Structures are given as structure tokens and as C-alpha cells.
Amino acid sequence: MNIGTWNRIKTSLFAGLFAVTLVSGAGVSHAEQRAGSASSSRPDVENSEKYSCREDRHERDDQHEHGDRHCAGKWMIGDFHNHTTFTDGSYPMNDLTGPTTITPFAVSDTSGLYKQGTAPTAFRNGLGFFTNSEHGGIQSRDGFGRNWTDTTVYPTLPAIGDPTNGKMWRWQSLIRTSDIPFYAGPAYMGAYDWIESIRANYPDKIVITGMEWNVPGHEHASTAIAADNALPIAEFEYRFDNSDTDGTTTTTTATIMGWDGKVQSSSYTSPAYPDYSAVLAQNAKHNKTLDGVKWMQANYPATGYLIPAHVERAGCGVGGWSIAAFRDMNDNGPSVAFGFEGIPGHDKSSNRGEFGTGACGGGTYGGAGTYIATVGGLWDNLLADGRKFFNFDSSDFHSTSSDFWPGEYEKTYVKVKDASGDGVYAQEDVINGLRSGNAFSVHGDLINKLYFRVFHGAPSGDSSATMGETLSVGKGEKITVQIRFRTPDSNNCQAGINASGSYVCAPPAVHHVQLIQGRINPTRANKFLADGVTPNPAFNAIDSTVAGIVETFDASSWSIDDEGFTTMTFVVPHVRNSMFFRIRGTNLGYGVSKMDATNTKIVYGTDAAGSPLLNTPGTNNADMAWDDLWFYSNPIFVKVL
């Protein structure tokens, strides 16, 4: 008996709790575990599409073969967390032909460049959208990496607002000088000027202005607001970034920009603002986080997002990100706080993901944080709440020493639909795509296409749901999960470039895929008990029984269909309760343990079931990252009527 067969037998014990039948490949007969009469009610697909509008049948809507504009869309790859010389990055945002000369056209051959830019390099790596998202607060450099105090460039300090000790508040460096009323200081290029230069060079790409939020009471989050300028995200930074103390001693910025009413982070103290550290891992500053979420939800509900980053890095509790914090943000801003970066980037770093032993989980697991890597963990509990809360992956690029370039290794694929129907994709379309949850994350081009659906009945049925959507069915009815993916012939691995000179780059190949099934709880825990004042411990609780691996597919149980997709199916013959499904896959086999040079620490690996092992901090490098590849889907929900 091979390991794939044994895993299917073993996981069927868990699957029985959900009244399911396991199917190896397409068209394999099954025996129903429970008898049940099918409901005669018509299924209702929430936020999903009819079969004729499906993107995974000959990819028809990707090619715009249907007239219905709601079917029009395409998969777009992006990165929304990266850094440049404006903050603590090592490279500019756009390509340079000289120390201060921006390339006025798109570049494919980088050999003649003075310095590569983060956005053009992302596009050369195949990305279709890019968000500049780097630290808020106060910074010392301009976009070329020159200090604001360099009098050969700036005869006087161009910064306004409270005294800055030779630095500039991030809100100001985000915008153009033309966006500042009555500005009379030295000329400089704000981040939005750089973005406009990139858009001019790459008109077929989407570039969004964003900011990495220093989140009060927590760590960081990737944020953005789609607009015709950077004023909305600049105002958000000014009001809510924990490191922005502008306005403490003067009212200059509030008066010039019209941004009255800022409350400094230092004011968020108990008892004026409640501190729930002991029960919910939320200190008093978390209240400012909620104020920021509410502000964006009220002002930019359709065009903004707040996506917490490297969420385990600062630990599991106060100062990091607890499940209570995510629940609270999602409750107060459901259309802007709709996910996190469960895969943190920094995959070259010796501490993979830059997660040390103090990170929640003690490090990454196959490059992913424990919140998504642990089945029945934090993410599965958010999904068990029925929350549309999704996972994404970005590079968090700072330098080539510890990071891959945007799009070189980490990729988030997003299904983007042309809302206007004019054939031109906009910033808002990308953000709508992220919000929809129809997205998946990939390391090292392990796959480049994924079509993951739950069908009412057989896979040829008329109604289905894909990632981020909900399929409603009658109790006792049959559903079929179908997974189809493709793997490219090669990836971006290059010995001596982004791997060691002796490393042998191998074509990516998926060894196995795990199907994770979870239950949807009938009720959600409230933040407070019945008195409306006492914090509820259940709001910060994680129940490890909410999800499990119900099937593991490999070459012994999948097939290659006539379109060249690796295909597998899983049947629930009689659905009894609401549930969700998500998947992940890897190039690693079962029971793999790559040890470090001392043979005492695991660099990467899998357990006997094929789940990821800890990437022990201090053992990783680029070669190890290329060895240890994973992809993660977002969930599909099934609602029993």
C-alpha cells in the first residue's frame, strides 16, 4: 500500500464526521456513508456564477468569449507589500539610468541600468499589478535614496508639519507637492510622482498607491486606497499610523491639509480607552486600530483595504495579532479588513519569513505562518465563523540579500473582473478581486493555474462556487469538489543569480495536494458577554476541531484531463451541515526531513501525512526556499439551507 492510499484511508476517519465519501480521481465509483433524500429546493449560489460563466471550462471568460460583462475577467498576478529607498528598501521604485535619472520607457534588458526599480522588476517577473506599500511614520530619504537634509539637493528642508529633525512625515512623501495647498518649498518627487512615471512606462499594468501601516497595539498591515491621487492614503497615514506623531506640537498639517480631529496614539490609554490585554490580547491602542478601520470603512468601503502583514512575527498575544484582533477588525470593517498575509515573504532570509523563535509558532512552516499552516488553527477558526477572510502572499521585498524580488518567487493570483465592461482594468477592479477572495498564493511557480470549485451535484452541474464564494444547497443533497491545476515547465530559479552557483534548479512539480474541510459554526462569539461590557474569552478562542484534512491527492489518485490539467474530485453525497473547503499543495513528498549541516535542526520537510514542518530559524537560504515550495487556495463555502 502506498502512502497516498494510506492517507486516504486514515483521513476518511475524520471525513466521516462530515458524512462524506472520498473519491480518487474523476469518475471513480463510491459507496454512500449515509442514506438521505435529496431536497427538491433549487440551489442558490451566493456571489457565484452559472456554469456558462465559469472561468475553468476552456477558460472562456478569461478570453472574453461571452457577451455578459459580468463574465469578463482575467487572472492577474500581483504584489502589494514591498519597500524602496523612500523608507528602508535598497532599490528605487522605478528603473534608473543614473543616480537621479528615471528611465522614460519600459525596460526589458536591465544590463544598462544604473539601478533596477521594484515595480518594473515586478512586471518583468510577470506581475500585472503592484502596490507600493512601505512604512508610515517619519523617514529620512527621498525616492532616490538622498537625505532630505542634503543641501546640495534641498537648500531648505522640504518637510512641513511638526519639527522632524531633518526627516519628512510619510504622509507628505506619499503625495505630490501640487497636492499641498500653497506649498512653496524646494521641489521634490513624492511617491505618487514615481507611481505616475511607472504608469507612463507601463500603461498595461496597474500601479496602486499604498502604505505599510504601523498598526497601533499590533505590528504592521498593508493598506491602500484606489484614487486619482495619494491624498486618501496620506490622510489615513497621518491620522492612524502609530509612528506618525505629527500634530503633537503644532496644527500646521491639520490647517494646511484640512485634516482636523487627529487623536495621537499616546492618548489611547486606559481607563479612557479600555485595555483587554488579559482576555483578548488587545491593549488600549487597539482602539485606535478600530478607529482606523471604521474610518476606512466609512470613507472608502469599496476602494480601500487593510491587510495585516507577517502576522505571527511579533508573537501570538499582545503587540502581535490575536484572533480577537482579526475578528474585531472584520466586524468593524467587513469590506476593508477582509484578509491577511498568511505567507510573509522574506523567503531568502536565514530566518525564513524573518520569523525568529519568538514568532507565534516559532517560525514558518513551508514558508507560511502557523495561522494558515495549522489545520484547525487561527485561519480555520475565522472561516468557521463564516467570515469572508482571505489569505494573500507578497514579497515584503527590501533587498536582494534576504528577499526575492516582487514576482520572482512569491505570487498572489487574483481573478480580476472588468466592472465597467470597457475592456480596461482599473485599480478598483484589482481591489474588488482581492475582496472577492478568488485568489491563490504560490511559491516558486509551483502552479500557474488553479481552478477550484464546489458543484451542486456532479461536476457538470449548472451551479457551483469558486474561491471566496458560497454555494447554497438543500440538506441531504450531493456536492462535488473539483480541483484542477497546471504547473509550468520552469520557474525563475537561476543558479548563481537567485540561488547558489552549485544549486541545480529543477522544474516545479506538485507531489500532493491536501483538501481541508471545516465546519461553519451556527453562531459566532461576541466580543462582550451579555452585559455588553465584560470581554468574552470565546472571542479570542481557537478550537482545533473545526477543520481537518479529509483527502490527500497524489499521482496515484489524480488524473490529467484533456486540457492538460491535473484533476481530482471529492464527493459529499449527503450534505448535513454548512462547511468550507480549502486546499494546499507542495513539491515535497511524505515524511521528508531536510536537516541542517549539524544534522540537529530541520530546515524544511513534511510529516507522514504530507503537512509542512517547521523551517527552523537560522537554517534557511535561497536554495532551501527553492527546494520547499507550496501553494494555498482561498476557501469555498457551502451553506445548507
Side-chain angles (χ1 to χ4, degrees), residues 47-49 54-56 59 61-62 73-81 125-129 305 307 338-345 347 366-369 371-373 375 379-380 382-383 388-395 406-407 409-417 430-454 464-469 481-488 491 508-510 512-518 553 558 565-568 570 580-587 612 629-637:
N47 302 317
S48 62
E49 304 160 353
R54 284 174 50 219
E55 73 272 11
D56 60 327
E59 303 174 70
D61 65 330
D62 278 336
K74 66 179 180 180
W75 286 100
M76 195 175 289
I77 317 168
D79 187 295
F80 54 74
H81 185 181
N125 285 328
L127 301 193
F129 74 88
Y305 63 73
I307 299 177
F338 52 77
F340 57 20
E341 294 174 41
I343 302 174
D347 283 286
Y371 289 170
I372 70 167
V375 177
W379 189 31
D380 286 331
L382 291 172
L383 302 179
K388 298 297 183 77
F389 199 87
F390 306 116
N391 172 63
F392 306 103
D393 177 20
S394 285
S395 64
Y409 183 85
E410 298 92 353
K411 288 184 170 75
T412 287
Y413 286 74
V414 183
K415 187 62 180 294
V416 180
K417 296 186 178 181
V430 170
I431 294 176
N432 286 337
L434 292 169
R435 185 182 296 110
S436 78
N438 196 359
F440 61 96
S441 303
V442 183
H443 279 154
D445 295 304
L446 181 59
I447 63 172
N448 61 357
K449 289 184 182 293
L450 174 65
Y451 299 131
F452 174 36
R453 281 195 172 264
V454 177
S464 65
T466 190
M467 292 176 285
E469 298 176 347
V481 180
Q482 184 184 70
I483 304 161
R484 304 170 69 233
F485 68 82
R486 276 181 179 166
T487 295
N491 56 22
V510 177
H512 64 271
V513 173
Q514 294 175 325
L515 176 63
I516 298 163
Q517 180 177 325
F553 299 97
W558 62 42
F565 282 85
T566 301
T567 304
M568 58 220 77
F570 174 87
F580 66 86
F581 295 95
R582 66 181 180 98
I583 60 174
R584 67 182 176 197
T586 181
N587 65 322
L629 306 179
W630 292 80
F631 74 83
Y632 279 78
S633 79
N634 271 309
I636 303 173
F637 300 88

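Because the structure is predicted, anything quoted here is derived from the model rather than measured.
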Closest non-hydrogen atom pair, [X] against [Y]:
{"X": "Gly444", "Y": "Pro508", "value": "O-CB, 4.2 Å"}
{"X": "Pro344", "Y": "Ala368", "value": "CD-CA, 4.4 Å"}
{"X": "Ser441", "Y": "Thr412", "value": "OG-OG1, 3.7 Å"}
{"X": "Val430", "Y": "Val416", "value": "N-CG1, 3.9 Å"}

Less than 4.5 Å apart, side chain to side chain, heavy atoms only: is that true for [X] and [Y]?
{"X": "Gln514", "Y": "Ile583", "value": "no"}
{"X": "Phe129", "Y": "Ile77", "value": "no"}
{"X": "Lys417", "Y": "Asn432", "value": "no"}
{"X": "Phe580", "Y": "Ile636", "value": "no"}
{"X": "Val513", "Y": "Leu515", "value": "no"}
{"X": "Val414", "Y": "Asn438", "value": "no"}
{"X": "Ile447", "Y": "Thr566", "value": "no"}
{"X": "Pro635", "Y": "Lys388", "value": "no"}

Which distance, rounded to the nearest 0.5 Å, do you find between the [atom1] of [X] and the [atom2] of [Y]?
{"X": "Met568", "Y": "Gln482", "atom1": "CE", "atom2": "CD", "value": "9.5 Å"}
{"X": "Asn125", "Y": "Asp79", "atom1": "CG", "atom2": "CG", "value": "10.0 Å"}
{"X": "Met467", "Y": "Ser436", "atom1": "CE", "atom2": "OG", "value": "8.5 Å"}
{"X": "Ile483", "Y": "Leu450", "atom1": "CD1", "atom2": "CG", "value": "8.0 Å"}
{"X": "Trp379", "Y": "Ile516", "atom1": "CH2", "atom2": "CD1", "value": "8.0 Å"}
{"X": "Ile372", "Y": "Asp393", "atom1": "CD1", "atom2": "CG", "value": "8.0 Å"}

Report task. Flag this pair as yes if the NZ/CZ of Arg484 is under 6.0 angstrom from the six-membered ring centre of Tyr451 and inside a 45 degree cone about the axis; otherwise no. Result -> no
Requested in this report: Could you give me the CA-CA distance, side-chain angles and deciding distance for Thr487 and Asn448, then say whether side chain to side chain contact (heavy atoms under 4.5 Å, CB included) is met?
Outcome: CA-CA 6 Å; Thr487 295; Asn448 61 357; 5.8 Å; no
Requested in this report: Measure the acute angle between the ring planes of Phe581 and Phe570, then classify it against the limits of 30° and 60° as parallel, tilted or perpendicular.
Outcome: perpendicular
Query raised in the report: Would you call the rings of Phe392 and Phe80 parallel, tilted or perpendicular, where under 30° means parallel and over 60° means perpendicular?
Result: perpendicular
**Report entry** Passing candidate, ring-ring contact (aromatic ring centres under 6.0 Å, His included) with Phe440, options Phe631, Trp75, Phe452, Phe485
**Finding:** Trp75
Query raised in the report: In terms of side-chain heavy atoms, does His443 have a donor or acceptor partner in Glu410 at a distance below 3.5 Å?
Result: no
Query raised in the report: Going by atom types only, do Arg453 and Thr466 share a side-chain donor-acceptor pair under 3.5 Å?
Result: no
Report summary line: Taken in chain and number order and not counting sequence neighbours, the residues that satisfy side chain to side chain contact (heavy atoms under 4.5 Å, CB included) with Asp445 are Lys411, Tyr413, Pro488, Asn491, Asn492
Query raised in the report: Which residues pass the side chain to side chain contact (heavy atoms under 4.5 Å, CB included) test with Thr586, sequence neighbours left out?
Result: His512, Leu588, Trp630
**Report entry** Criterion side chain to side chain contact (heavy atoms under 4.5 Å, CB included) on Phe340 and Phe389, from CA distance to verdict
**Finding:** CA-CA 8 Å; Phe340 57 20; Phe389 199 87; 3.7 Å; yes
